[in-house]
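Whatever order the structure lists them in is the order used to number ligands and atoms, beginning at 1. Reckoned from all heavy atoms, side chains included, excluding hydrogens, waters and symmetry mates.
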Amino acid sequence: MKPIWIEGVSLNENPTNILIENKHIAGIGLDVPMPAGAIRIAGKDKAVFPTFANMHTHAAMNLFRGYANDLPLMTWLNDWIWPKEKNLDDDTVYWGTRLACTEMIKSGTTAYSDMYFHIPAAAKAASELGIRSTLGINAFGDAEELTEKYIESILAMLEPLSELVSIAIAPHAVYTVSEKGLRRCAKLSRKYGLLYHIHMSETESEVVNCVKEHGCRPYELLERLGVMEMTEGHFSGAHSLYVDENEIAIIGRYRATVTHNPCSNLKLGSGHYFHYVELRDAGANVTLGTDGCSSSNNLDMIEAAKIMSYLQKGIRRDPTVLAAEELLDVATSNGFKTLGIDAGKIAVGKSADLMLVDLNNLAFVPNNNTLANLLYAAHGDAVDTVVCNGHILMQQRHISSEAETIAEARRATARLMR
Ligand SMILES: [Zn+2]
């Protein structure tokens, strides 16, 4: 693997060289020379940032982009999405995932936490594009299909890809998985040290029904079942919009990860009041996601970050909340931390997951503040170059497999929608 040497790129408003060796950032500074045989990348008119970790997706749902809009969550799922998902197979998931990974790379994401079906097909697609994926195996009901034998067979199958691909246990939600299933998944998560990725409190009615059925709220239920304890350090609750004071304390006590998906929550009309400050102060690791393209319509983490920040400022009537530096951490290093990857900062020793943005993109003209321009003015198309785990995935916005992916994704969509 050849070293990569980035010459004269802007880092925190100052020009520098960056050396990448053995998958890590090995040197930063204008005095860092280009080693013999290194790949040289011109950093002129570019700024460097860590790449994003998209912490809640259903990647293959990219094939549903633009299908069934302006509907409430349960109608959208029951009447539109779930009937078509019956047509999913390895081919549709493979091309849907390839399409999603292409979009993620093109907008600066190098790691994502997924939840879907046909895991081997998704793993093949993600690893071919060189992006990091944590693929949640979706479970419903009593989750009886998730046996130790099954998990071990998937782990063995993915072993050759394991540098970039890992799996997670993903019970769908407390309203689709039984108490027995929720516990079963937690035991598997603990036994194999896998992330426990679940939809939590996305809508208010979900919480009302949980209280009716179980006599307590969703996070209280998981604590009562011993799930929070069994999954400590490996819990990732997507959405977590409708949490009360006691639930925020539970989330903080177990240092759990919660993922805000502002674009999806707003488009599905699920809600807007994410308790960012309270969760952060209680000790939760707050991360950012887009959710699947069927509800967020794109996978642009810059857009998701901007909307998250503006929502917090607006609902609290306080423009100082979630300032740009903190917002960047939520979208980058906080997510990588949950995934067990030492990335999300441009610093010597960190994993080489980084992107160069084009300072000639109009969002950076004039460039009074590069970080503010990235998060508040730019879109994903300002990303010019992406490096993941020390490999170049995109340069000058070019990914060699893109044309094939577009053509095949269109073909796979026709089969899915039949
Ligand atoms: Zn979701």
(request) Could you give me the CA-CA distance, side-chain angles and deciding distance for Asp291 and His58, then say whether side chain to side chain contact (heavy atoms under 4.5 Å, CB included) is met? (result) CA-CA 6 Å; Asp291 209 346; His58 310 280; 3.1 Å; yes
Donor-acceptor pairs under 3.5 angstrom involving side-chain atoms of residues 142-150: please list them, not counting sequence neighbours.
{"unit_1": "Asp142", "atom_1": "OD1", "unit_2": "Ser178", "atom_2": "OG", "d": "2.5"}
{"unit_1": "Glu144", "atom_1": "OE2", "unit_2": "Lys180", "atom_2": "NZ", "d": "3.3"}
{"unit_1": "Thr147", "atom_1": "OG1", "unit_2": "Tyr150", "atom_2": "N", "d": "3.0"}
{"unit_1": "Glu148", "atom_1": "OE1", "unit_2": "Lys191", "atom_2": "NZ", "d": "3.0"}

(message) Applying salt bridge (charged side-chain N to carboxylate O under 4.0 Å, His left out) as the test, list every pair that has at least one member in residues 52-69; sequence neighbours left out.
(response) Arg65-Glu103
(message) Once you measure the plane-to-plane angle for Phe140 and Phe117, does it fall in the parallel (<30°), tilted (30-60°) or perpendicular (>60°) bin?
(response) parallel
(request) Quick one: give me the number of protein N/O/S atoms under 2.8 Å from the Zn ion (ligand 1). (result) 4
(request) Not counting sequence neighbours, which residues clear ring pair (Phe, Tyr, Trp, His ring centres under 6.0 Å) with Phe274? List them please. (result) His260
(message) Under 6.0 Å between ring centres: does that hold for His118 and Tyr116?
(response) no
